[in-house]
Amino acid sequence: MTTEKLTLSKKEKINKEIVENLRQVHDPEISINIYDLGLIYNIDLSELPKVAITHTLTSAFCPAADQIVADIKNAVECVDGVDSCFIETTFDPPFGPEMMSEEAKLVLGIF
């Protein structure tokens with residue numbers, strides 16, 4: 001039981017650091033970080049030190065897609081305890097304002 005708690009705590013710490021780093025990655029077309037924008041759908045730590053991120057883009061035709069994916073990869077792989085990051089881009093479900101944090105909605109004037 002203690003080992004499980006330690007492992008869970010380590011995963012929680014890694015997850016927290018990943019989220020903090022993802023909050024430093026901004027969609028260049030919108031001045032809001034991709035985490036609060038709602039572009040990160042899942043952070044899978046089940047196979048640590050490998051991490052899998054499922055995310056979307058604001059549009060399938062996003063001109064900054066390659067840069068955003070590279071920034072996600074860099075943000076995740078610099079976390080201690082993470083060796084590699086697999087990134088899956090999906091458009092199901094499609095991005096919409098309901099995915100944004102309340103803070104992001106306020107910044108963009110969406111109520």
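Start at 1 with the first residue, then count along the sequence.
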[atom2] on [Y] to [atom1] on [X], rounded to 0.5 Å:
X	Y	atom1	atom2	value
Thr54	Phe86	OG1	CZ	7.5 Å
Glu29	Leu57	CD	CG	9.5 Å
Leu48	Asp83	CG	CG	9.0 Å
Lys16	Ile43	NZ	CD1	13.5 Å
Asp27	Asp36	CG	CG	13.0 Å
Ile34	Ile53	CD1	CD1	8.5 Å

| said: Before you tell me yes or no, could you show the steps for Val51 and Ile18 under side-chain contact (heavy atoms from CB on, under 4.5 Å), namely the whole-Å CA-CA distance, both residues' side-chain angles and the distance that decides it to 0.1 Å? | reply: CA-CA 10 Å; Val51 174; Ile18 289 171; 4.2 Å; yes
| ILVMFWY network linking Leu108 to Leu106, side-chain heavy atoms under 4.5 angstrom | no
| Ile87, Phe91: one ILVMFWY side-chain cluster at the under-4.5 Å cut-off? | yes
| query | Of the non-hydrogen atoms in Met100 and Lys105, which two are nearest, and what is the gap between them? | reply | O-CE, 3.5 Å
Are any non-hydrogen side-chain atoms of [X] and [Y] less than 4.5 angstrom apart?
X	Y	value
Ile68	Pro28	yes
Leu45	Ile14	yes
Pro49	Val82	no

| field | Which residues share a salt bridge (Lys or Arg N to Asp or Glu O under 4.0 Å) with Glu47, sequence neighbours left out | value | none
| Checking Thr56 side chain against Thr90 main chain: does a donor-acceptor pair fall under 3.5 Å? | yes
| Expected output: side-chain Tyr41 to main-chain Pro93 donor-acceptor under 3.5 Å | yes
| side-chain hydrogen bond (donor to acceptor under 3.5 Å, both in side chains) between Asp44 and Ser46, intermediate numbers included | CA-CA 6 Å; Asp44 183 356; Ser46 65; 2.7 Å; yes
| message | For a quick check under 3.5 Å, do His55 and Thr89 share a side-chain donor-acceptor pair by atom type? | response | yes
Please list every donor-acceptor pair under 3.5 Å in which a side-chain atom of residues 69-80 meets a protein atom from a residue at least two apart or in another chain.
| unit_1 | atom_1 | unit_2 | atom_2 | d |
| --- | --- | --- | --- | --- |
| Asp71 | OD1 | Gln67 | NE2 | 2.6 |
| Asp71 | OD2 | Gln67 | NE2 | 3.4 |
| Lys73 | NZ | Glu77 | OE2 | 2.8 |
| Lys73 | NZ | Cys85 | O | 3.1 |
| Asn74 | ND2 | Ala70 | O | 3.3 |
| Glu77 | OE2 | Cys85 | N | 2.9 |

